[in-house]
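Input: a single structure, listed below in structure tokens.
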Amino acid sequence: MEVIEILREASNRIYENVKDLAGTESAAGDFGIGAGGDISRNIDIIAEKTVLDYLREINFECVVLGEECGRVELSNNPKGFIIMDAIDGSANAVRGVPFFCSSLAFAVENKLSSVTDGVITNLANGEMYWASKDRGSFFNNKQIKVHSKDPIYKIIGINTSGASADLMQRLYPIFEKYNHIRHFGANALEMALFARGLIDIFIDLRNKIRIQDIAAGYLIVKESGGILLDADLKPLDADLSYETRISFVAAANQEILDEIMSQIDK
Ligand code: IPD
Ligand code: CA
């Protein structure tokens with residue numbers, strides 16, 4: 001079975017197991033602080049267990065790097081890493097806001113740039129985004145590309161959750177000039193919408209995103225033709241450690257990248 005099929009099946013199983021849970025009291029159950037540093041909610045735990053159970057069932061030889069469960073070695077002879085954010089957008093999921101997803105990626109080395117497969121599933125409706133290295137990105141069964149033409153409305157995604165006053169001040173010229181700024185609350189799914197051409201540029205300069213939040217989106221964005229850069233506008237890369245925190249910009253083309261980034265105060 002190809003790795004991408006394994007990730008897709010694991011994502012489908014998450015969807016089946018959590019689809020009726022979002023917004024219920026049971027979703028919120030508190031399991032203490034997870035490996036990623038946030039409170040693990042019952043819905044996070046159920047989703048992670050679904051993946052771990054499945055990987056054990058098929059004897060997939062890997063090391064899992066889960067946002068809640070931490071590093072789980074499923075083999076002494078691993079083929080690589082499964083980077084798992086079983087629920088991205090946990091706050092939305094717990095409240096029942098229909099914008100949350102699962103993000104599963106496979107990397108052969110301890111680096112974001114070694115991700116070979118990624119799957120993001122919208123857990124509000126089961127829609128799936130996936131990519132394998134050099135094979136393109138797909139939404140359900142259709143290949144997707146970032147937006148190429150001049151859009152009717154320029155949609156700018158900016159993650160401002162917990163942003164510092166200094167960052168908000170630097171970003172202010174964009175807020176002043178543009179009318180369609182969006183922030184939905186699940187970074188991985190926002191990257192997937194970007195890859196599908198629904199958002200023209202997506203900016204997260206908070207230095208808060210974990211490797212689990214970004215690994216699948218990294219490949220899906222790149223395979224859909226997006227430009228993906230770090231805060232210094234260099235090609236994005238990072239190691240897979242639990243301490244790593246990332247800032248990034250995903251842009252549909254150089255033009256919009258230059259236009260928007262030139263507004264940000266240095
Ligand atoms: C969160 C979401 C959110 C972002 C946070 C992440 P989680 O992931 O991606 O959009 O603003 O920084 O932690 O905690 O729901 O998996
Ligand atoms: Ca999560």
Side-chain angles (χ1 to χ4, degrees), residues 1-14 33-38 40 44-90 101-121 123 128-135 137-138 186-189 191-192 195 208-223 228 230 235-248 250:
M1 201 171 177
E2 287 197 63
V3 170
I4 192 69
E5 294 310 324
I6 292 170
L7 299 185
R8 284 167 50 103
E9 175 59 21
S11 297
N12 273 328
R13 290 186 182 204
I14 296 176
I33 302 289
D38 290 344
S40 301
D44 297 312
I45 300 293
I46 290 172
E48 277 203 344
K49 184 173 180 314
T50 302
V51 177
L52 289 168
D53 285 353
Y54 172 61
L55 295 174
R56 287 192 177 108
E57 180 188 315
I58 61 167
N59 290 317
F60 187 61
E61 299 205 282
C62 65
V63 172
V64 178
L65 302 175
E67 190 171 287
E68 320 300 333
C69 64
R71 183 186 174 102
V72 180
E73 305 201 357
L74 294 182
S75 162
N76 294 326
N77 186 23
K79 295 179 171 64
F81 302 94
I82 297 270
I83 308 157
M84 164 168 76
D85 189 2
I87 305 284
D88 183 57
S90 297
C101 64
S102 62
S103 167
L104 299 177
F106 181 75
V108 285
E109 283 166 32
N110 184 30
K111 276 199 148 306
L112 202 49
S113 52
S114 80
V115 170
T116 59
D117 299 271
V119 176
I120 293 171
T121 295
L123 297 174
M128 190 182 280
Y129 301 79
W130 81 91
S132 291
K133 198 169 170 54
D134 301 328
R135 290 205 233 162
S137 286
F138 296 83
N187 253 34
L189 193 49
M191 290 177 92
K208 282 180 189 275
I209 279 300
R210 291 166 291 236
I211 212 75
Q212 283 78 9
D213 300 311
I214 205 180
Y218 169 90
L219 190 67
I220 293 171
V221 163
K222 289 193 81 114
E223 288 292 326
L228 191 53
D230 64 20
L236 181 68
D237 202 0
D239 62 37
L240 305 182
S241 107
Y242 276 86
E243 282 71 50
T244 299
R245 293 291 181 274
I246 292 171
S247 282
F248 71 92

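Side-chain contact check for L7 versus I82: some heavy-atom pair is nearer than 4.5 Å. Side chains of L189 and Y129 form a contact here, defined as non-hydrogen atoms less than 4.5 Å apart. Side-chain contact between E2 and S132 is absent, with no heavy-atom pair separated by less than 4.5 Å. The closest side-chain heavy-atom distance from M191 to I220 is not below 4.5 Å. Contact check for I87 versus E68: no side-chain heavy atoms found under the 4.5 Å cut-off. Side-chain contact between I14 and T121 is absent, with no heavy-atom pair separated by less than 4.5 Å. Taking 4.5 Å as the limit, every side-chain heavy atom of F138 sits out of range of all side-chain heavy atoms of M128. Between L55 and C62 there is a side-chain heavy-atom pair separated by less than 4.5 Å.
In this structure, D213 and E67 approach most closely via the heavy-atom pair OD1-OE1, 3.2 Å. Shown here for A86 and L123, the closest heavy-atom pair between the two residues is O-CD1, 3.9 Å. Residues A250 and V221 come closest through the heavy atom pair CB-CG1, 4.3 Å. For the residue pair L65 and R71, the shortest heavy atom distance occurs at CD2-CG, 3.9 Å. Across V72 and R56, no two heavy atoms sit closer than the pair CG1-NH2, 3.8 Å. Shortest non-hydrogen contact noted between L228 and F248 is CD1-CD1, 3.8 Å.
Checking side-chain atoms of E223 against main-chain N and O of D134 turns up a donor-acceptor pair under 3.5 Å. For Y242 (side chain) and A35 (main-chain N/O), no donor-acceptor pair under 3.5 Å exists by modelled atom type.
For the atom pair CG (L112) and CG (D237), the distance works out to 5.5 Å, reported to the nearest 0.5 Å. Atom-to-atom distance recorded for N187:CG and I246:CD1 is 10.5 Å, nearest 0.5 angstrom. Within the model, atoms CD1 of I4 and CH2 of W130 stand 7.5 Å from one another, a figure rounded to the nearest 0.5 Å. Atom NZ of residue K79 and atom CG of residue L74 lie 11.5 Å apart, to the nearest 0.5 angstrom. Atom CZ in R210 sits 14.5 Å away from atom CG in L240 (nearest 0.5 Å). Between the OH atom of Y218 and the CG atom of L236 there is a distance of 6.5 Å, given to the nearest 0.5 Å.
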Worksheet item: When you look at L52 and C69, which way does the side chain to side chain contact (heavy atoms under 4.5 Å, CB included) test go after all the steps?
Response: CA-CA 10 Å; L52 289 168; C69 64; 4.2 Å; yes
Item to complete: Take D88 and S103 through the side chain to side chain donor-acceptor pair (under 3.5 Å) test and state the conclusion after the steps.
Response: CA-CA 7 Å; D88 183 57; S103 167; over 6 Å; no
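Counting non-hydrogen atoms of other residues, nucleotides and ligands closer than 6.0 Å to CD of E109 gives a total of 12 or fewer.
The only option from I214, V115, V64 that meets the side-chain contact (heavy atoms from CB on, under 4.5 Å) definition with I83 turns out to be V115.
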